[in-house]
Amino acid sequence: MKPFDFISAQKKWKKQWEKEKIFEVKSSSFSSNRSKNKYVLDMFPYPSGEGLHVGHVEGYTVSDIVSRFYRMRGFNVLHPMGWDAFGLPAENYAIKNKIHPEIVVKKNVANFKRQLKNLGFSYDWSREINTTDPNYYKWTQWIFLQLFKDGLAYEKEVSVNWCPSCKTVLSDEEAEGGVCARCSTKVERKELKQWMLKITAYADKLIDGLDSLNWPQRVKTMQKNWIGRSQGARIQFSIASQIDTDFNADKSGNNRGNQSANQRESEFVEVFTTRPDTIFGATYLVVAPEHKIISNLKSSIENFNEVKKYVEKSKNKSDQERISEVKDKTGVELKGIKAINPATGKEVSVWVADYVLPYYGTGAIMAVPAHDQRDWDFAKKFNLPIIFVISYDGKNVIDNKVYEEDGILISSGKFNGQKNREAISAITDFVGGKKEIQFKLRDWIFSRQRYWGEPIPLVFCQHCAGKINNKNEKIKNFSKGEILNPGWIPIKESDLPLKLPKVKSYQPTGSLSSPLAGIKNWVNTTCPRCGGPAKRETNTMPQWAGSCWYYLRYIDPKNNKKIIDIKKEKSFMPVDLYIGGVEHAVLHLLYARFWHRFLFDKKIIKDPEPFARLVNQGLILGTDGEKMSKSRGNVANPDDIIKEFGADTLRMYEMFMGPLEDPKPWNTKGILGILRFLNRVWFLYQKHFNSKTAKPHSQKTESDFENKFNQSLKKITEDIENLRFNTAISALMILLKELESLDYFSKEYAQKFILMLSPFAPFISESIWRDVLKNKKSTLLSKWPEYNLKKSFAQTIKIAIQFNGKTRGVMDFLPGTQKEEILKIVKADNKFENYFKGNEIKRVVFVPDRIINILF
RNA sequence: GGGGAUAUGGCGAAAUUGGUAGACGCGUACGCUUCAGGAGCGUAUGGGGCAACCCUUGAGAGUUCGAAUCUCUCUAUCCCCACCA
């Protein structure tokens, strides 16, 4: 007999399935009850030139098995696919080869699609989307406009990575290690006006929303840490300057910003702390190099030149350099000025140091060296005073190292003797502090100085800017966004999409703007408000934008009136199962949740969270146990494996490798096990059901077999529900052995077994199902077999016989056999004679259907 | 520095969630079959011992009739965040 011909089966069924359109979800599903529907989603790929990776295959096989399983159980399953095709690689390729990114993307998409179809994935291709399609990014731009109108988009000076040799802005990934990824030149920092999205406005909702989600704990924790909510207080330290008359805070801009010109208050520094309880031990202040106090008190700072030098140096430091200094902190004292500790009333020195971050809290801290490691290090280095205010027993301190634990307050005036945590609130009030919650999360930098992205649909109009800035003008016709960003006017929604213009060169312009800035007739336009001359925004959106909402568009991909019909959205959202790599634990999954929450608040959609259940597949490593990479030469290519062993074999092997979420090394030999298994299935059906080779048989199926079959069916059903595919496959293998040992193989069980195999190995299953067993419709349109619970138990049960806790034998019993009866049989068995000799039974531990443990 | 995860044969891994440790697969050995090929089938396969038995789930302790599983103390590896006040 010839082994199964995978290649021609793949060809045949691929075509047939397409013709029968069996992967398309019924349109009536979109008006049906949510409980009848399932939404199984993959993280859509970036269509790179390399094609599909075995890691993609892992995730996509999981979602395909689950989709097929649910379909066979009678659900309407939405299982779509699309392309996240904006972004750097295509642009870089375009620069190098002078080919339009659109052409490159088209080619890569075609290749990916070919590969996905070869694997038999049951995607509904009629809902395919592409983030670079103007009909799609029209709505990405539309969402941006809603965010803008609501005041959630604003412009801000941000420092960016700049490569002086390539003359271009670099992303953080391109600037890793402080050098340009392309030319290894040292990366510089440059200040640039960028669009920001106010994701911080959603910080609370994004943390609180996590509770309701069935996500891996580690991803939830990562998001929580990333958002970084912490309870603390703002406390003011007033500044005493020796040259008080030189103050001119208002002229140079006050750091509180809104004081009137005449009313001069003395300068102060506001700090943020989570530990107001330690304030009596605050022996100095540290401000970030960017802190306004430095320029405000310029003339009071005696060593201003030295300070200025330090500030300049810090600004040019890469993140890498800053991190390498964690152990050895740098800083300069602001000589000539002192701050007053509001708790003790004593003068403390003020320092500038770049270990204080400008964007967190107030950009200034009170340093309590006795109880904070960083402050301790800094104080030791610069010989600053250290005062212990928490003691483990209220009396003594160990003064040769930092004490970070809780305890009893000392040297803290009227708070002495209290537990430090319990005194936080009272001490905050005592020093006039304001309780506040701070987040680590920073607003989302949304501009990219690139060509290959969604154009930002705004124009700048000088005339409108003047109107908004003129206080006498009535500005109530303007949106929040327009008032927040004077001069920036959104283009009309009816003019969307704002298409990317063709450009001659994708080469960076060398200035800080995108290649779009060079297209004069595109940049120059008219203002949608006043009709006057205006200029378009030339930056584009980041790659994350398109992936923030693509899962919504699959539900209603052709709607050109609305982003999505809420009625349709209701019948499929939230996503039942979302599968992808952990690498998106924070960025993509947080940005998507942010946009989703916003759309929810705007009542465009009905559910506040997009992904009810998230699963991360584990990384597939090379045969050497290392991460697969070209340079290591340990990359397994799906195309090669499909050619040699077949798509079913690849799918099943990847599922058999180990638990879904664990990292797993590739083993080329291991594939053979699956190949053998599938061929044995093929031979079994040839033997029994091929009209030329099959022999007639007449026996009835034994009831013992029925029980074994039902047991396997139950296990496989439950394993698929719990995404435990490795053990499901092992159960299929055991079952196959059972089937091979049968003389008579009834058609009923032959059918059931193939249906059970079909989600894993759709091609061979379809061949057997339709060509050998002569069924008309696909396995996918057939019902998943139901197990008979009564028959899913073994007829006899093995019970372990233990003496003094050690297993000495195993015996078969009927399920539910009583303790006394088992004991009688064990005693009568001469195998165990020796154990009873000369011993008196003290106790018998019995677990029904499991063990009997006889103790002497 | 903080957070999270993992650790079981030569290898990938199972273990009904406290009840026969090593299912299933790979590899290996021996045998069978064939016009010999990296094919197919069968048997064996954690370690030690002739044996009855003993040892064995990263190391060490504890709880229990019974621990891979629970508790404590270590060790190693991996991932994420990283001067967040």
Side-chain angles (χ1 to χ4, degrees), chain A residues 1 3 216-222 224-226 228-230 232-233 271-275 278 282 286 288 319 322-327 329 353-357 359-368 371-375 377-378 438-442 582-583 585-586 618-619 621 623 625 627 653 656-659 661-674 676-677 679-680 683 715 718 724 726-734 736-737 740 798-811 834 842-856:
Chain A
M1 264 188 277
Q217 192 50 51
R218 78 198 127 120
V219 175
K220 288 199 201 180
T221 313
M222 270 190 223
K224 253 179 211 166
N225 291 344
W226 187 267
R229 177 158 63 188
S230 58
V271 303
F272 175 76
T273 179
T274 54
R275 300 293 305 277
T278 62
V286 190
D319 291 349
R322 282 185 103 152
I323 288 162
S324 66
E325 281 167 8
V326 169
K327 286 266 147 56
K329 298 194 184 350
D354 61 12
Y355 83 87
V356 174
L357 306 171
Y359 44 77
Y360 185 76
T362 58
I365 60 157
M366 63 176 211
V368 185
H371 305 293
D372 181 283
Q373 187 65 51
R374 290 156 307 173
D375 298 343
D377 296 343
F378 194 81
Q438 275 287 335
F439 298 94
K440 281 192 216 173
L441 184 70
R442 294 162 66 192
V582 236
E583 65 271 22
V586 273
L619 208 58
L621 308 166
T623 45
K627 210 169 164 173
Y653 171 62
F656 187 59
M657 283 167 77
E661 306 198 47
D662 291 2
K664 299 166 280 280
W666 187 262
N667 179 356
T668 315
K669 283 272 172 64
I671 301 170
L672 290 174
I674 299 290
R676 283 176 198 145
F677 166 77
N679 270 320
R680 275 168 51 198
F683 290 139
K715 174 159 180 59
E718 287 169 355
R724 289 191 306 238
N726 54 334
T727 50
I729 291 170
S730 129
L732 282 169
M733 287 170 165
I734 294 167
L736 175 66
K737 251 186 207 167
E740 284 173 332
K798 292 188 188 310
I799 289 185
I801 317 297
Q802 300 187 337
F803 293 94
N804 279 334
K806 299 210 169 176
T807 305
R808 296 302 180 192
V810 179
M811 294 180 90
N834 288 339
K842 286 222 180 80
R843 197 180 145 194
V844 176
V845 178
F846 177 69
V847 182
D849 298 349
R850 291 277 140 79
I851 59 134
I852 185 158
N853 187 7
I854 299 154
L855 301 162
F856 301 109

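The structure presented is a predicted model; accordingly, all values stated were derived computationally and were not measured. Proteins come first, then strands; the chains are lettered A, B, ... in the order of their sequence lines, and each starts at number 1.
Comparing the same atom, P, in B:A7 and in B:U28 gives a spacing of 27 Å after rounding to whole Å. Spacing of C1' atoms, B:U56 relative to B:G49, comes out at 15 Å, to the nearest Å. Rounded to whole Å, the C1' atom of B:A61 lies 29 Å from the corresponding atom of B:A13.
Taking each heavy atom of A:Pro663 and A:Leu621 in turn, the nearest pair found is CB-CD1, 4.3 Å. Between A:Asn804 and A:Asn853 the shortest heavy-atom distance is N-OD1, 3.7 Å. Closest approach of A:Thr807 to A:Ala800, counting heavy atoms only: CG2-CB, 4.2 Å. Scanning all heavy atoms of the two residues, the minimum distance from A:Leu619 to A:Lys627 falls at CD2-CG, 3.8 Å. Of all heavy-atom pairs between A:Met657 and A:Pro665, the closest is CE-O, 3.4 Å.
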Please write out the pairs of protein N or O atoms and N or O atoms of nucleotides 52-57 of chain B separated by less than 3.5 Å, giving the distance to one decimal.
unit_1	atom_1	unit_2	atom_2	d
B:C53	OP1	A:Tyr835	OH	2.7
B:C54	OP1	A:Arg808	NH2	3.4
B:C54	OP2	A:Arg808	NH1	3.0

Task: Footprint string (nucleotides 6-21 of chain B, 5' to 3'): B base within contact, S backbone only, - free, heavy atoms under 4.0 Å - done: ------BSS-B--BBS
TODO: Using a 4.0 Å heavy-atom cut-off, write out nucleotides 27-43 of chain B from 5' to 3' as B (base contacted by protein), S (sugar-phosphate only) or - (no contact).
DONE: S------------SS--
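With rounding to whole Å, A:Tyr653 atom OH is found 15 Å from B:G25 atom P. One interatomic measurement links the two molecules: CG of A:Asp375 to P of B:C83, which rounds to 15 Å at whole-angstrom precision. For A:Ile734 and B:A23, the CD1 to C1' distance is 6 Å, given to the nearest whole Å. In this structure, CZ of A:Phe856 is placed 12 Å from C1' of B:C65, rounded to the nearest angstrom. For the pair A:Arg843 CZ and B:G66 C1', the computed distance is 10 Å after rounding to whole Å. Put simply, CG on A:Asn804 is 16 Å from P on B:U64, counting in whole angstrom units. Rounded to whole angstrom, the span from the CZ atom of A:Phe378 across to the P atom of B:A85 amounts to 18 Å. Regarding A:Tyr355, its OH atom lies at a distance of 13 Å from the P atom of B:C83, rounded to whole Å.
Nearest-nucleotide assignment on RNA chain B puts the 5′-proximal partner with A:Asn225, out of A:Asn225 and A:Ser730.
Note on residues 662-671 of chain A: pairs passing salt bridge (Lys or Arg N to Asp or Glu O under 4.0 Å), not counting sequence neighbours, are A:Glu58-A:Lys664.
Across B:C24, B:C80, B:C81, the shortest atom-to-atom separation from the side chain of A:Trp226 is found for B:C81.
For RNA chain B, the stems formed by at least three consecutive Watson-Crick or G-U pairs, with both atom-pair distances below 3.5 Å, span B:1-7 with B:75-81, B:10-12 with B:24-26, B:27-32 with B:40-45, B:46-48 with B:53-55, B:58-62 with B:70-74.
Looking at residues two or more places apart in sequence or on another chain, you find a ring pair (Phe, Tyr, Trp, His ring centres under 6.0 Å) between A:Trp666 and A:Tyr653.
Side-chain atoms of A:Lys329 and base atoms of B:C83 include a donor and an acceptor less than 3.5 Å apart.
Side-chain contact annotation: A:Gln438 with A:Ser230, donor-acceptor N/O pair under 3.5 Å absent.
Both tests do not hold together for A:Arg808 against A:Phe803: distance to the six-membered ring centre under 6.0 Å, angle to the ring axis within 45°. For the pair A:Lys329 and A:Tyr355, the cation sits on the ring face: its NZ or CZ lies under 6.0 Å from the ring centre, inside 45° of the axis.
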